[in-house]
Amino acid sequence: MKTVMEEVNVIKAKDGTVAVASAFAGHKEAIKDRDHKFLRKAIEEAYKGVECEDGGPFGAVIVYNDEIVAASHNMVLRNTDPTAHAEVTVIREACRKLRQIELSECEIYASCEPCPMCFGAIHLSRVKRLVYGAKAEAAIAIGFDDFIADALRGTGFYQKAQLEIKKADGNEAIVAEEVFQKTKEKFRMY
């Protein structure tokens, strides 16, 4: 029987553990479809937050074993709390549900590139993977502080993280960026 060898990527971590990533046909597409599914839920949360008048057009979900553990949106206005960003609120909810402060087996999907505070929360919770939809510039374009992009790109936040970070591509990235334009009339800046 003839077998086809798959392309395999082996990555050795500092602690000596080895991760093997297979590039079999369809693997990358399956990951992309999975990412898009969870990113769409984060985008739905962004719309929900604006409709409820809870806060800005940002949403996030935490996934564990291919199941959504927590979904949330920006609640800055609802909670009168400038730290109640979507990523922070979803991390808080996931930690409560899982009864732990480390989310090292979880992934986070965010409708927009996280600000430095949210990235810090993601890093501190030890989430293993971050997938985001819109770039920070989409939020900046409707009036959010440009400190977000400057801070992220002017520091080593991303470079020092021990998690995989992926910018969504294709239609999901476009749909995530549309949240800002479609909600700018409904959302009031503080």
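Since the model is a prediction, treat every value here as computed from it, not as a measurement. Just the heavy atoms: all of them, side chains too, but no hydrogens, waters or symmetry mates, feed the values below.
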Heavy atoms of other groups near Y64 OH, more than 12 under 6.0 Å: no

Partner residues of R34 under the side-chain hydrogen bond (donor to acceptor under 3.5 Å, both in side chains) criterion, sequence neighbours left out: D66, E107, Y109

Which atom of A71 lies closest to which atom of E45, heavy atoms considered: CB-OE2, 3.7 Å

For A110 against L130, the heavy-atom pair lying closest together: CB-CD1, 4.4 Å

Distance in Å, I142 CD1 paired with K182 NZ, rounded so as to fall on 0.5 Å steps: 13.5 Å

side-chain hydrogen bond (donor to acceptor under 3.5 Å, both in side chains) involving Q100 - partner list, sequence neighbours excluded: none

Heavy-atom closest pair, residues V90 and A70: CG2-O, 3.3 Å

Joint cluster assignment, L103 & I68, ILVMFWY side-chain distance < 4.5 Å: no

Cluster overlap I43 with F180, hydrophobic side-chain contacts below 4.5 Å: no

Closest contact, heavy atoms only, G55 versus N74: CA-OD1, 3.3 Å

Interatomic distance, C52 atom SG to L77 atom CG [nearest 0.5 angstrom]: 12.0 Å

Closest heavy-atom pair and its distance - A176, S111: CB-O, 3.5 Å

ILVMFWY cluster, V50 and V175 together (side-chain gap under 4.5 Å): no

side-chain hydrogen bond (donor to acceptor under 3.5 Å, both in side chains) involving Q181 - partner list, sequence neighbours excluded: K184

Rounded distance (nearest 0.5 Å) linking atom CD of E105 with atom CD1 of I62: 13.0 Å

Lys/Arg N to Asp/Glu carboxylate O, E177 vs K135, below 4.0 Å: no

Non-hydrogen side-chain atoms of R129 and I122 separated by less than 4.5 Å: no

Residue R78 excluded, over 12 heavy atoms near CZ under 6.0 Å: no

From CA spacing to verdict: side chain to side chain contact (heavy atoms under 4.5 Å, CB included), V179, C112: CA-CA 10 Å; V179 172; C112 185; over 6 Å; no

Check: N65 side chain, E67 main-chain N or O, donor-acceptor pair, under 3.5 Å: no

Side chain to side chain contact (heavy atoms under 4.5 Å, CB included) between D169 and K32, intermediate numbers included: CA-CA 9 Å; D169 56 5; K32 185 177 175 180; 3.5 Å; yes

Shortest non-hydrogen separation from C115 to H85 and the atoms involved: SG-ND1, 3.5 Å

Approximate separation, where rounding is to 0.5 Å, of K48 NZ and K41 NZ: 6.0 Å

Inter-residue atom distance Y132.OH - K167.NZ, 0.5 Å rounding: 6.0 Å

Transitive ILVMFWY side-chain link V61 to V127, under 4.5 Å: no

Straight-line distance of F58 CZ to E87 CD, nearest 0.5 Å: 8.0 Å

